[in-house]
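First up is the structure itself, then whatever we jot down about it.
Since this is a predicted model, take the numbers as computed values, not measurements.
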Amino acid sequence: MSIRCSWSLPHVVRDWRYRTFYRLLSGRQVPLMTLGETVNECHWTFCPNGLGKDSIIYSGGVGNDITFEHALVKRFGCNIVMLDPSPTGIETMSKAENKLPQFRFCAVALAGHRGALAFAPPINPEEGSWYTPTGTAGALEVPCTDLTSLLRENGHDRIDLLKIDIEGSEYEVIDDILDHRIPVRQICVEFHHSNLPGIRRGQTIRAMLKLRMHGYKLINQYGTNHTFLRAE
């Protein structure tokens, strides 16, 4: 009688490699806080040190859930610049409960450049996230802008917390931050190598290595959500 194993050596080696990779990227222990809806996995874990009513917070990607942004306002009393030109994001921000004075909503996409960006319809219509397609024109063209332009337009000289859940554009935004040395202290980012076509895991690994080389430490990871804190 033969016994079939539920694991294989390549999978074991791969899992060990990823665990080692994440350990190398991780920084010293810092206080952590989790805010946002946990049932639908719309929550983010970050370091609350130094955050308050005068903090500068930017949120790229609204989608159909902004419980994280609501919780930030409730906990810290801060203002948040929010960006999303998708039909889903615009509909979300049109709701009466989302008309907070602390929210400044801009119907533009966050990217690594100014101009236009192609959007493709949601893969999961119920979830509603429009995304940046790879190698195709997309079904919708939307205006986009970069962080340098946003900071200048809003009179800001830094970002204390940046959330980017922007369906494939996160890689060029990270490159833009690092290439232009934009002062962003903390980055909450969802990488989309596992759930969008054309995005490879290698892109995520390279982005994480670049962040590490520029002084950012990984302080939390849950699934594809990652939080990086710049060493001070």
Side-chain angles (χ1 to χ4, degrees), residues 35-37 42 44 46 51-122 127-133 138-180 182-190 192 196 225:
L35 295 177
E37 176 58 63
C42 294
W44 294 87
F46 60 98
L51 293 179
K53 64 181 181 63
D54 296 323
S55 295
I56 299 172
I57 298 179
Y58 280 65
S59 177
V62 168
N64 60 14
D65 188 293
I66 55 170
T67 53
F68 175 64
E69 289 80 0
H70 274 280
L72 283 173
V73 170
K74 183 176 181 180
R75 175 65 178 80
F76 299 104
C78 54
N79 296 312
I80 306 176
V81 177
M82 304 167 67
L83 305 106
D84 192 331
S86 73
T88 304
I90 291 172
E91 180 182 358
T92 296
M93 295 308 298
S94 69
K95 296 178 180 178
E97 62 267 27
N98 296 330
K99 300 292 187 181
L100 298 187
Q102 294 90 348
F103 290 163
R104 180 175 185 266
F105 176 62
C106 305
V108 298
L110 179 60
H113 65 282
R114 287 174 62 91
L117 197 66
F119 265 13
E127 193 271 338
S129 292
W130 290 68
Y131 70 97
T132 306
L140 180 67
E141 187 175 88
V142 298
C144 68
T145 190
D146 55 24
L147 281 175
T148 299
S149 300
L150 284 168
L151 287 169
R152 183 171 58 248
E153 291 165 6
N154 288 286
H156 295 149
D157 61 358
R158 71 184 194 283
I159 298 175
D160 297 303
L161 175 64
L162 170 67
K163 187 211 84 175
I164 42 178
D165 185 0
I166 48 179
E167 311 302 316
S169 290
E170 60 270 18
Y171 303 99
E172 66 171 276
V173 170
I174 288 172
D175 283 344
D176 186 46
I177 291 170
L178 302 180
D179 291 345
H180 294 92
I182 301 171
V184 182
R185 180 172 179 264
Q186 190 165 189
I187 303 172
C188 297
V189 54
E190 180 179 8
H192 289 86
L196 287 182
N225 285 3

Worksheet entry | Nearest heavy atoms of Val189 and Trp44, plus distance in Å | N-CZ3, 3.5 Å
Practice prompt. First locate atom SG of Cys78, then atom CD1 of Ile56, and finally report the distance between them rounded to the nearest 0.5 Å.
Written response: 11.0 Å
Fill in: Other residues, nucleotides, ligands: >12 heavy atoms within 6.0 Å of Glu37 CD
yes
Worksheet item: Hey, does Arg114 have a side-chain heavy atom less than 4.5 Å from the side chain of Asp146?
Response: yes
Worksheet entry | CA sep, side-chain torsions, deciding dist, call: Asp84, Thr92, side chain to side chain contact (heavy atoms under 4.5 Å, CB included) | CA-CA 10 Å; Asp84 192 331; Thr92 296; over 6 Å; no
Discussion item. Could you walk me through whether Leu151 and Thr148 satisfy the side chain to side chain contact (heavy atoms under 4.5 Å, CB included) test, starting with their C-alpha distance in whole Å, then the side-chain angles of each, then the deciding distance to 0.1 Å, before giving a yes or no?
Written reply: CA-CA 5 Å; Leu151 287 169; Thr148 299; 5.8 Å; no
Worksheet item: Would a distance-only check, ignoring hydrogens and angles, find a side-chain to backbone donor-acceptor pair under 3.5 Å from Glu170 to Ile164?
Response: no
Practice prompt. Please report the shortest heavy-atom distance between Glu167 and Asp165, naming the atom on each side.
Written response: OE2-OD1, 3.0 Å
Practice prompt. Would you indicate whether the side-chain heavy atoms of Leu72 and Ser59 approach each other to under 4.5 Å?
Written response: no
Fill in: Donor-acceptor pair, side chain of Lys163 and main chain of Met82, under 3.5 angstrom
no
Response to the item:
For Asn79 and Pro101 the tightest heavy-atom approach is OD1-O, 4.3 Å
Item to complete: Say whether, by atom type as modelled, one donor and one acceptor occur between the side chain of Ser55 and the main chain of Asp160 under 3.5 angstrom.
Response: no
Discussion item. Using 0.5 Å steps for rounding, measure from the OH atom of Tyr58 to the CG atom of Leu83.
Written reply: 8.0 Å
Discussion item. Glu153 vs Arg104, test: salt bridge (charged side-chain N to carboxylate O under 4.0 Å, His left out). Steps then yes/no.
Written reply: CA-CA 12 Å; Glu153 291 165 6; Arg104 180 175 185 266; 5.9 Å; no
Discussion item. What verdict does the side chain to side chain contact (heavy atoms under 4.5 Å, CB included) test give for Leu162 and Ile177, after you've listed the backbone C-alpha separation in whole Å, the side-chain angles of each residue and the deciding distance to 0.1 Å?
Written reply: CA-CA 11 Å; Leu162 170 67; Ile177 291 170; 3.7 Å; yes
Worksheet item: Between the side chain of Lys99 and the main-chain N/O of Met93, is any donor-acceptor distance below 3.5 Å?
Response: yes
Worksheet entry | Atom pair OG/CG of Ser169 and Leu110 - distance to nearest 0.5 Å | 8.0 Å
Discussion item. Does the plane of the ring in Phe68 sit parallel, tilted or perpendicular to the ring in Phe46? Use 30° and 60° as the thresholds.
Written reply: perpendicular
Response to the item:
Interatomic distance, CZ@Phe103 vs CD1@Ile66, rounded to 0.5 Å, equals 4.5 Å
Worksheet, complete the sentence: Heavy atoms of Phe76 and Leu51 approach each other most closely as CD2-O, 3.5 Å
Fill in: Distance, nearest 0.5 Å, that separates CG of Asp179 from CD1 of Ile174
11.5 Å
Worksheet item: Can a donor-acceptor pair be found between the side chains of His70 and Asn98 at a distance below 3.5 Å?
Response: yes
Practice prompt. Can you measure from OH (Tyr171) to CD1 (Ile166) and round to the nearest 0.5 angstrom?
Written response: 10.5 Å
Worksheet entry | Closest non-hydrogen atom pair, Leu140 against Pro87 | CD2-CD, 3.9 Å
Worksheet item: What are the two closest heavy atoms between Ala71 and Gly36, and how far apart are they?
Response: CB-N, 4.2 Å
Discussion item. Are Cys188 and Leu161 packed together at the side-chain level, in the sense that at least one heavy-atom pair is separated by less than 4.5 angstrom?
Written reply: yes
Fill in: Donor-acceptor contact present, side-chain His113 to main-chain Ala111, <3.5 Å
no
